[in-house]
Participant: 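Let me begin by handing over the structure; questions about it come next.
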Amino acid sequence: MEYAEGSIVKIKIENVLTYDSVEFTCGSRLNVIIGPNGSGKSTIVCAICLGLAGKTSWLGRAHSPVDYIKYGKNKARIDIELHNNDGDNWIISREFNRQGHGPLTKWWVNGRPATQKVVEELVGRLKIQVGNLTQFLPQEKVNDFAKMSDTELLENTEKAIGDTDLFEKHQQLKDSRSNAVTLEQEYSNLQALLNQEQQKNARIEQDVKNFEERKVFLLKIEKHEQKKAWVKYETKRLEYKALRKDKDKADEELKRVRAMYAPMENELSEAKKESDTLSALIKNKTGELNQSAKSAEANGKDIDSLTDKYVEIQEEFKVKKEEEEARKKRLRDLNKQLALLEEELKNTKDVEDVQPQLDAMNKSLRDVTQKIGQVTEQGDECRLQIAHHKRNLNGIQHELTVLRNIENLRLQTLRAKHKDTYDAVLWLRENQHQFQSTIHEPPMLCVNMKNPTMAKYLEGHISFNDMRAFVCETSEDMNKFMDIMKDEQKLRVNAVKTNIHLPPEQCQPRFPIQRYRKYGFHSYLMDLFTCPDAVMKFLCIQYKVHSIPVGDNKTKDNVDKIVKEHPELNCFYTTNNQYNIKKSRYSNTTSSRSTVLKDASLLTVSMDTQKEKELVQQLHNENEAVGQREEKYKQLQQMSHDLNQQLGQCREEMRKLRARKDVKKKLQSQIVTKKQSIKNVESSALDITAEEEKIKKKYKDITDKKLRYLKQYEETTKVGPL
């Protein structure tokens, strides 16, 4: 049976992944390659894609063609022979180098050097589409194929099996349909607009008719307004003629009345002249009368002033009499006080000598004052220590809060990644008491990386499903927890059971890490993080974290030696890669697979549990120190209170002693003061008789002045006849 145009006739591979050198001859129809895992089936698929100018991203494995070179080799070569119905078959060759100064990839077509673009054009002309999942489906792209929609499947199938213009015609058909839908929509819109305009026109037709009628009425109103002005004018003209006749009649009547009253006007003129003469005489007499009234008013004011002065003299005399009575009473009181003081001085005995007691009290006062100063100083020092410890407490509390806030950040990451697991964690924290043993939160929350930069190794090693799985210590708790989550909480979560009775030696590496240090290994996976013991046992059982070593760039350079010299290592890590080593059960050959590690996203934020323990202990110590200092401060305050009371008592005793010492001197001083006060009061005595004579003389002077003013008033009030 003949080959179809572009069918693969032969494939030759050298130094690609698991193969040193292999050559396949293909049939003209279906070709099937059968073999166990690790035998190289996927290698042939990769070679077909790379040899036909396919991109590495279409394979879903390594990012560079160099990564497909077999370990320990520097270059690889792929030769693919394609059937040509019109002549010799096409042979496409590709060689890519791991190192060297030349280009990383070289191409040949039928033995002649070519470029990748030439190869791509040849492959496209032969309708070979390694980027089309309906024609070429690598193992790693099965999920992408399953996610394709019906439309995408149809389009890719058209590209794979149809003529070159089938897909283009299909696209043109889709575009035409889209345009038709658009035009139909535009037609519908225009039809709707037309209907709206017609309805609008029907609505405004009556408005137009009303407008025309309004214009007619406005013209009529304008004509009537013009006629109205003429009617007003005619009415006013007739009124004017009637009023003019009335005015003429009134003028004639005025002339007749003036002629009748002419004699009376002459008599009225004579009477007016006589009235003016009398008014002038009255005005003169009124001026004289006003002058007399002003003079009389002045005399009256002088008399009133003298009367007020008389009253003032009486009041002044009354005050002096009252002051004299008060002076006499004051003098009697002072004499009584002087007698009492002299009697008390007479009865007072000589006071004992209290100076020794005063000296003793002074010494006690100094001692108490000194003790108060010492206690105050100790109290200030204690208060400063309390303030210092409280500042330390605040600093430690803040540092602890920041440290513990990392857990919240991790929890928010879980919420974004898987909301159901986040809700389940919150529920578990409130209901942990419902279970016999501890149910541990998912490793994503309880695992803490010692160095966050190492998180990519653990995240690359543990699946996300187990990262978010709750770790139970008993089967009963796990079943109960899953039933509650599924039936009551309606949450989809994962849970696993660990063997908490696993012997510790089964979670220890078979060989110490020093055995592999020469290859660049520095630790095992379990050395990179901390977590609860039950979670660690689960990870050791399920993921062998106690036996997976982690290395650096030196490890990557020694991969071949590691595979050859240490067959017990079937998985290990370099700086940016994971290596899985498999040994074929049939051929006993060893193959290795490298996977580039992704950046960590779950465990990059880790809490230092050792630091947390240290901070908690420091917090406890500082609290104890504050309590001790505060208790001591209270004792010092009580001592200060007692000493201040003692100081007050000493001062009161000294005051009493000084008072006893000064009592006689004080009495003598008071007697001298009283006598001086009596002398001063006696010297200020007032002669009432002499004051009465002075008052009588002032009364006589005031009475004489009043008589003179009255005579002047009588003379000024006389007025002559008109």
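On a predicted model such as this, the values are computed, not experimentally measured, just so you know.
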Participant: Does the pair D20/K70 count as a salt bridge with the N-to-O cut at 4.0 Å?
Facilitator: yes
Participant: Could you tell me whether E505 and R510 have a side-chain N and a carboxylate O separated by less than 4.0 Å?
Facilitator: no
Participant: Is it true that H440 and E473 share a donor-acceptor pair across their side chains at a distance under 3.5 Å?
Facilitator: yes
Participant: Tell me yes or no: between the side chains of D380 and Q378, is some donor less than 3.5 Å from an acceptor?
Facilitator: no
Participant: What heavy-atom pair brings F521 and P549 nearest, and what distance separates the two atoms?
Facilitator: CD2-CB, 3.5 Å
Participant: Could you go through R391 and E622, starting from their C-alpha distance and side-chain angles, then the distance that decides it, and tell me whether this counts as salt bridge (Lys or Arg N to Asp or Glu O under 4.0 Å)?
Facilitator: CA-CA 10 Å; R391 284 195 299 272; E622 291 294 335; over 6 Å; no
Participant: Could you verify whether a donor N or O on one side chain and an acceptor N or O on the other, from D552 and T575, lie under 3.5 Å apart?
Facilitator: no
Participant: Using a strict cut-off of less than 4.0 Å between a Lys/Arg side-chain nitrogen and an Asp/Glu carboxylate oxygen, indicate whether D533 and K537 qualify as a salt bridge.
Facilitator: yes
Participant: Quick test of your reading of the model: are E81 and K12 salt-bridged, counting only N-O distances below 4.0 Å?
Facilitator: no
Participant: Assess the side chains of D79 and S93: does a donor N or O sit below 3.5 Å from an acceptor N or O?
Facilitator: yes
Participant: Look at the aromatic rings of F572 and Y579 and report parallel, tilted or perpendicular, splitting at 30° and 60°.
Facilitator: parallel
Participant: Does the ring of Y519 carry K561 above it, NZ/CZ under 6.0 angstrom from centre and within 45° of its axis?
Facilitator: no
Participant: Is it true that E630 and K390 have a side-chain N and a carboxylate O under 4.0 angstrom from each other?
Facilitator: yes
Participant: Can D557 and K554 be counted as an ion pair, charged N to O under 4.0 angstrom?
Facilitator: no
Participant: What is the distance from atom CD of Q617 to atom CG of N621, rounded to the nearest 0.5 Å?
Facilitator: 4.5 Å
Participant: Between K556 and N576, is the side chain to side chain donor-acceptor pair (under 3.5 Å) condition met? List the steps.
Facilitator: CA-CA 9 Å; K556 185 175 182 179; N576 295 308; over 6 Å; no
